[in-house]
Amino acid sequence: MGVRGLQGFVGSTCPHICTVVNFKELAEHHRNKHPGCTPTIVVDAMCCLRYWYTPESWICGGQWREYFSALRDFVKTFTAVGIKLIFFFDGMVEQDKRDEWVKRRLKNNREISRIFHYIKSHKEQPGRNMFFIPSGLAIFTRFALKTLGQETLCSLQEADYEVASYGLQHNCLGILGEDTDYLIYDTCPYFSISDLCLESLSTVMLCREKLCESLDISLADLPLLACLLGNDIIPEGMFESFRYKCLSSYTSVKENFDRKGNIILAVADHISKVLHLHQGEKKLEEMLPLGPNKALFYKGVASYLLPGQKSPWFFQKPKSLITLDKQVVSMSSDPESKQGVPMCTDPELKQGVPMCTDPESKQGVPMCTDPESKQGVPMCTDPESKQGVPMCTGPEPEQGVPMCTGPEPEQGVPMCTGPEPKQGVPMCTDPEPKQEVPMCTGPEPKQGVPMCAGPEPKQGVPMCTDPEPKQGVPMCTDPEPKQGVPMCTDPEPKQGIPICIDPESKQGVPMCTDPEPKQGVPMCTDPEPKQGVPMCTDPEPKQGVPMCTDPEPKQGIPICIDPESKQEVHLESKQGVPKCTHTEIKQKLPVGADSEFKLEAPMCIDPAIKQQDLMNMEPEVKQETLVSDPEILKVARAHHVRAESYLVYNIMSSGEIECSNTLEDALDQALPSQAFVYRPVRQRVYSLLLGDGRDGASTCPTVKEWFVYSGNPLRHPDLVRPLQMNIPGGTPNLKLLWLNQEPGIQARRLDALLGCFDLSSSREELQAVENPFKALCCLLIYLFVQVDTLCLEDLHAFIAQALCLQGKSTVQLVDLQLDYIDPRAVQLGSLLVRGLTTLVLVNSACGFPWRMSDFMPWNIFDGKLFHQKYLQAEKGYSVEALVEQNRSRLTKFHTLKSVVCKACVKENRRIVSKQHWRSHQPGNRQYEPDHWRRYPSSSGLQLRVPDNSA
């Protein structure tokens, strides 16, 4: 995480930047300096999970009661000294960090393989050096903190950016985390969670000012340094040769420093002594070997700029770049404008084409930037030719005057005679649309200035006049001097740079035409099917995804082609998909929110900084969504931001979700991966949230799943279609489930939840079960119906541990000792916990028919306790012994077992003992792939499943 090598460098080479501080003293000083403001620490929760998870046992599925107790102590300690905590969780994985995410998941797979190898060899839990956080820890930590009354937020972009922005804008005491990116952001102080002593409330503060002093650079140079060293956006190997070149010319190599430390010193020295000489005179690409990585590098630098901050290393206004294959969209981070300035880069010309938004028409208008005057020259789209035409804006913002430049600046320009015969006006003729644009001739013979005919054909408006009379506005020039860059026509005459205007949102979307036929870059489809085949961009840069135009709905329908199965899958069926906007979120809970989670009042904000919506801290990126109803999207977004739901907003807004590693034995083919077991549930959730194609749409949407399982190289996502639901009375719509407050709607919500698990036939039996076992029974029924290799002993262990957990204290659970560790029980524990996270998804998608607390693991599952009951059941212990000779528990045990078994019988699934199973299945239970699944077809279309999948 963070900047490559910087953590080690700080510890070994620059230890003086680390200062031991005491939070109690800092809070007192903060109160004296800012009377009336509560000292607040922004916590990067994802960095703190390892610190918070203090239980000794981690292999069995999680010691959730102990963990909850540790979180309670953590919160109490800070509350006791008057410090408020704001917790941020990652809410999504940004596309430019997907490769890094995949790299870490594959590394975790190797770690998990070593863990299971150790368990099989030693029959015990590995040491803390092999520690792997229990599955679902991040998800359930959100709800644990909310239960404890803490303000818990989920990010709409990279969490570290939102953490740094929140800390800066709200004048926070500091940031608590473990990520060297917080040394790069120019924000409030950064404190280390790994060095925190909770008893004394002392930790280490890492001072970025002292770091700059040691490296002889300024704060504004830190983002540049971070990108040259490598971070989550810039691969470490991208500038490896450059770093070694800096090292070879570095004259102050410290013999007592390690090689990485000297490299950081050398790169900083190069910034200080070489790059600073030309700062403001040359662009970075003229001083650094950026090559084809220029856009990515600029994006990396801009990713550290918080709202209102600018980089002196940007020749123009700082922008936050978002790369879509070869298309680059840039965003200004200037809070005054409150508007992102999208920018489209032509891959052939290597030139950025910014866009501006007309306040009247609300349409995105591409523009080119004059490198000398620093002024943007907007472009307009001609309604006749569908071609982008540069234009110059006059003093009045409503006026835009288009112009056109030929592909070659020196080519001849035909003349047009205006309404008055004395005037000759040059014309720029485009070879394709055969459209002529009048031009006026400037003082220099080689320069023609296009003109635009106004609403009345008698009037020509020259394009090149600047507010300063002595200076004309030149054409957009390439970063390489003396090269004219035509803004209207692509080097290939059949291609242009169109703008897609969404009919509902009325917003312009810049599009680029990729000159390479192997790669698809998004293009606008004309309402009348006159265009060629547009392209839909897949997250993997090397993949092109063609689109097919349906003559009936007159809309381009994206198609995904799986590289292995060669199947075509339509991605979207909705027409007029609006853009997702980051609207303000009111503190009022939407209908269906779980009332048990508390929200505190907003804290004091630094008066020097303009208050902004928390999620509007960075200019928003207009994003196509799979759901067209803005009201429903707003509710989903609100639940997401307040960390009250799981994956719902990701599905609806981007159609892309991910799930990290799970403790699963890749060599045990008898037990399936949780990714496959719960996929049918997710598919029905997709049907509920996105539709299943039965409403007249030509095809149903497809969701991209980045789920980790054995044999999945994660080179691209699995493309998964919704699965039709069977709900009595039909599938209810989201407005009914989420916004309707009528008394009978709660029953419809429950119907939808059971429909997602395909358990509508067991509604009455489940309704009779008391809390918190209702959700557990639902999950167990689904598991035993879905997975044939689960036996009666497994069911006994699951039920017995849930019942015994109710009567045990945290201390008793801590003292619980296991005879040995069984690898199958380890995977079963993780499988159940992943089922509980799936319940969180389903419950929030259905409008919260059940209380979230009913399936929080600290109420119904304990890893060690389950492992104990599993080992006892394996040894043939009686049911009475499993429930510890407690008659009340015994009665409940038989009741819960009866509910599960009867529901399974309805689905033709008879749960038998392992002894019976062994007598019919000799050997080591090595099955062919998916033999564990009772209903292979229930998973719907599965575009890619490796041959060796578990």
Side-chain angles (χ1 to χ4, degrees), residues 1 7 46-71 103-141 178 193-194 659-675 708-712 794 797 801 810 813-834 836-837 857-858 861-875 924-925 950:
M1 296 176 67
Q7 187 70 44
M46 302 301 290
C47 296
C48 300
L49 295 178
R50 287 175 177 266
Y51 176 89
W52 289 331
Y53 192 86
T54 56
E56 181 183 349
S57 174
W58 49 269
I59 196 72
C60 301
Q63 302 309 110
W64 296 98
R65 282 273 181 90
E66 297 176 55
Y67 181 65
F68 187 86
S69 178
L71 284 177
K103 182 180 177 182
R104 292 174 184 170
R105 301 292 78 76
L106 297 178
K107 178 184 177 184
N108 289 344
N109 275 345
R110 296 189 291 270
E111 294 172 355
I112 290 173
S113 295
R114 289 194 292 269
I115 289 172
F116 275 98
H117 178 75
Y118 185 94
I119 294 173
K120 293 173 184 177
S121 302
H122 300 83
K123 294 187 179 296
E124 65 181 15
Q125 175 180 279
R128 192 75 178 187
N129 61 315
M130 296 180 71
F131 172 76
F132 198 87
I133 63 173
S135 301
L137 192 68
I139 300 164
F140 291 119
T141 302
E178 201 67 35
I193 182 66
S194 63
C659 181
S660 187
N661 305 76
T662 305
L663 280 177
E664 297 174 341
D665 186 3
L667 300 180
D668 185 1
Q669 297 183 23
L671 276 179
S673 169
Q674 63 88 21
V708 181
Y709 53 84
S710 175
N712 183 7
D794 300 331
Q801 69 84 28
T810 303
L813 295 171
V814 172
D815 294 337
L816 188 65
Q817 299 296 319
L818 300 174
D819 295 336
Y820 62 93
I821 299 296
D822 183 281
R824 184 173 183 272
V826 169
Q827 185 164 344
L828 284 180
S830 297
L831 182 62
L832 185 82
V833 172
R834 286 298 187 194
L836 295 177
T837 65
W858 47 87
F861 180 78
D862 180 87
K864 274 199 304 184
L865 187 58
F866 166 72
H867 216 95
Q868 182 192 60
K869 302 304 176 185
Y870 176 89
L871 296 178
Q872 291 174 350
E874 281 274 300
K875 294 174 183 177
N924 60 354
R925 299 182 304 190

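Owing to the predicted nature of the structure, the values given are computational and were not obtained by experimental measurement. Numbers for residues simply follow the sequence, beginning at 1.
- Counting only heavy atoms from C-beta outward, the side chains of Glu56 and Glu66 never approach each other to under 4.5 Å.
- Asp819 is listed as a side-chain neighbour of Lys875, based on a closest heavy-atom distance under 4.5 Å.
- Leu137 has its side chain out of reach of Trp52: every pair of non-hydrogen atoms, C-beta onward, lies at least 4.5 Å apart.
- Using cut-offs of 30° and 60° for the angle between ring planes, the Phe861 and Phe866 rings count as tilted.
- For Phe131 and Trp58, the ring centers are positioned less than 6.0 Å apart.
- For Lys120, the NZ atom is densely surrounded, since the number of other residues' heavy atoms within 6.0 Å is greater than 12.
- Between the Glu178 side chain and the Ile193 main chain, a donor and an acceptor come within less than 3.5 Å of each other.
- Using a 4.5 Å cut-off on side-chain heavy atoms (C-beta onward), Arg110 and Leu106 make contact.
- Note that OG of Ser830 is 8.5 Å distant from CD1 of Ile112, once rounded to the nearest 0.5 Å.
- Across every non-hydrogen atom of Ala666 and Ser710, the tightest pair is CB-OG, 3.5 Å.
- Counting heavy atoms from C-beta outward, Tyr870 and Leu828 have side chains that approach closer than 4.5 Å.
- Residues Ser673 and Asn712 fail the side-chain proximity criterion, which asks for heavy atoms closer than 4.5 Å.
- Between the OG atom of Ser135 and the CG atom of Leu663 there is a distance of 5.5 Å, given to the nearest 0.5 Å.
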**Request:** For the pair Asp794 and Arg824, evaluate salt bridge (charged side-chain N to carboxylate O under 4.0 Å, His left out) and give the outcome as yes or no after the intermediate values.
**Result:** CA-CA 10 Å; Asp794 300 331; Arg824 184 173 183 272; 2.9 Å; yes

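- For the pair Arg114/Pro126, no side-chain contact is recorded, criterion being any heavy-atom separation below 4.5 Å from C-beta on.
- To the nearest 0.5 Å, atoms CG (Leu836) and CZ (Phe140) are separated by 5.0 Å.
- Here His117 contributes atom NE2 and Leu667 contributes atom CG; the two are 10.0 Å apart, rounded to the nearest 0.5 Å.
- Side-chain contact check for Leu818 versus Lys864: some heavy-atom pair is nearer than 4.5 Å.
- For the atom pair Arg50 CZ and Arg128 CZ, the distance stands at 8.0 Å (nearest 0.5 Å).
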**Prompt:** Checking side chain to side chain contact (heavy atoms under 4.5 Å, CB included) for the pair Phe132/Asn661: CA distance, chi angles, key distance, verdict?
**Reply:** CA-CA 10 Å; Phe132 198 87; Asn661 305 76; 3.7 Å; yes

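- Screening Gln817, His867, Gln125 for a side chain to side chain contact (heavy atoms under 4.5 Å, CB included) with Ser57, the sole residue that qualifies is Gln125.
- A cation-pi geometry, defined here as NZ or CZ lying under 6.0 Å from the six-membered ring centre and within 45° of its normal, does not hold between Arg65 and Phe68.
- The backbone N or O of Gln674 lies less than 3.5 Å from a partner atom in the side chain of Glu664, making a donor-acceptor pair.
- Of the possible polar contacts, one joining the Tyr53 side chain to the Gln63 backbone as a donor-acceptor pair under 3.5 Å is found.
- The aromatic rings of Tyr118 and His122 sit parallel to each other, their planes meeting at less than 30°, with 60° as the upper class boundary.
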**Prompt:** Should Asp665 and Leu671 be marked as a side chain to side chain contact (heavy atoms under 4.5 Å, CB included) after you check the CA-CA gap, both sets of side-chain angles, and the distance that decides it?
**Reply:** CA-CA 8 Å; Asp665 186 3; Leu671 276 179; over 6 Å; no

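- With rounding to the nearest 0.5 angstrom, the OG1 atom of Thr662 is 9.5 Å from the CG atom of Asn109.
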